[in-house]
Protein chains: 2
Amino acid sequence: MLIDETDREILELLREDARRTLADIGARVTLSTAAVKRRIDRLQETGVIVGYTVQLDHTKLGWGIEAFTELRFTGTTKVGEIVRTTTRMPEAQAVFTIAGDPDALVWLRVRDMAHLQRTIDEIRTHHQVTGTKTLIALDSWMRGQQWPAQGS
Amino acid sequence: MLIDETDREILELLREDARRTLADIGARVTLSTAAVKRRIDRLQETGVIVGYTVQLDHTKLGWGIEAFTELRFTGTTKVGEIVRTTTRMPEAQAVFTIAGDPDALVWLRVRDMAHLQRTIDEIRTHHQVTGTKTLIALDSWMRGQQWPAQGS
DNA sequence: GTTGAAAGGTTGGGACG
DNA sequence: CGTCCCAACCTTTCAAC
């Protein structure tokens, strides 16, 4: 499928604020609301747009610690298995399987250090993990959200 | 500020689909649309809700490679500086400053391997970086979006 | 294939109880 | 918190490019 410059502008506007109205988007890309709706519908049907979500300040919800845990497995560990079990944990924000060393990277969000330790322990007990290394984030920035995760 | 169980339900519904209507949310939490709006307005004013964004399938936009680059700096490098310059790069999805070793973790999304190399080179030239280690993702999962980043 | 205009239904946003 | 109201918005249809 082809995506033109107008589509990219629409996606950028939705990235900034997914609750923008079609009329607002239309005014910015000089298109009617109907034309904007048809383009967004098409982007959804073709799977370019996967969904819409809210961006939260997790510190205000009491999950103030962000960390990354690098995992190393035994040679017999199925990669799909670690992804399946890890993704069921509410602490896991994202899981990446890695080419090389380590074998996987898990992005965690937890309430406090004790919670982080429990979470890492849980990952270790559920799998044939030969080693972990956890990186604790002091601060974070994410595209499209201009607040510090810890520093507010 | 206090967040009750209904607020959490509303946030969960918005996490699933940020473009839900107030009426739809109201029906699910057994509240009127006006009551839902007042709660969402309050969550926005207090900063719990930071914004709303679209979730994209980046492989379909031609940015099929995800990677993490661990950065180590000289002792004199200002942490804020690396964040400021890195966040200006369109390839950077997120930047985390880390307690310990490494000093920072940059989540990159690029078109191909040549693009990845150029991006890492750019990071290195812009700062007093003493070392980098790049982890290339084979596959990824993120909370709230159930598609494989590479494997589709 | 694309677009805009118009019609009718739905939603949002205030005021009030 | 809910109910009411009205303006704004969405969604479909249709004709035109």
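Protein chains get the first letters and strands the later ones, always in sequence-line order, with residue 1 at the start of each.
Criterion: ILVMFWY side-chain heavy atoms under 4.5 Å apart, direct or through other members. Under it, B:Val36 and B:Ile49 are part of a common hydrophobic cluster.
One can place CG of A:Asp41 at 7 Å from P of D:dT11, the figure rounded to the nearest angstrom. Distance A:Asp7 CG to C:dG1 P: 15 Å, rounded to the nearest Å. Rounded to whole Å, atom P of D:dA8 lies 14 Å from atom CG of A:Asp24. Across the protein-nucleic acid pair, A:Ile25 atom CD1 and D:dC9 atom P stand 12 Å apart, rounded to whole Å.
A:Thr21 comes within 4.0 angstrom of sugar-phosphate atoms only, judged by non-hydrogen atoms across all strands, and of no base. Within the nucleic acid shown, A:Ser32 comes within 4.0 Å of at least one base atom, counting heavy atoms only.
Considering NZ of A:Lys60 and OG1 of B:Thr46, their distance stands at 6.5 Å, rounded to 0.5 Å. Taken to the nearest 0.5 Å, the CD1 atom of B:Ile25 stands 11.5 Å off from the CD atom of B:Glu9.
Minimum atom distance to the side chain of A:Thr33 is reached by D:dT11, of the listed C:dG12, C:dT3, D:dT11. The side chain of B:Lys37 lies closest to C:dG13 when the candidates are D:dC10, C:dG13, C:dG4. The side chain of B:Ala34 lies closest to C:dG14 when the candidates are C:dT3, C:dT2, C:dG14. Closest to the side chain of B:Leu22, out of C:dG12, D:dG2, C:dG4, is C:dG12.
In this model, the phosphate group of C:dT11 is not approached by any side-chain N or O of B:Arg20 to a distance below 4.0 Å at OP1 or OP2. Contact annotation: B:Arg38 does not reach the phosphate of D:dG2 (side-chain N/O to OP1 or OP2, under 4.0 Å).
Nearest-nucleotide positions on DNA chain C place A:Arg39 closer to the 5' end than the other of A:Arg19 and A:Arg39.
A:Arg38 is not listed as a side-chain neighbour of A:Leu31, based on a closest heavy-atom distance of 4.5 Å or more. Taking the side chain as every heavy atom from C-beta outward, A:Arg143 and B:Trp107 never approach each other to under 4.5 Å.
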Carefully, step by step, assess B:Asp101 and B:Lys133 under the rule salt bridge (Lys or Arg N to Asp or Glu O under 4.0 Å). CA-CA 11 Å; B:Asp101 176 58; B:Lys133 175 183 175 182; over 6 Å; no
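Remark: A:Arg15 engages A:Glu12 in a salt bridge, criterion side-chain N to carboxylate O under 4.0 Å.
Rounded to 10 degrees, the angle separating the terminal helix axes of the helix from C:dG1-D:dC17 to C:dG17-D:dC1, each built from five base pairs, is 30°.
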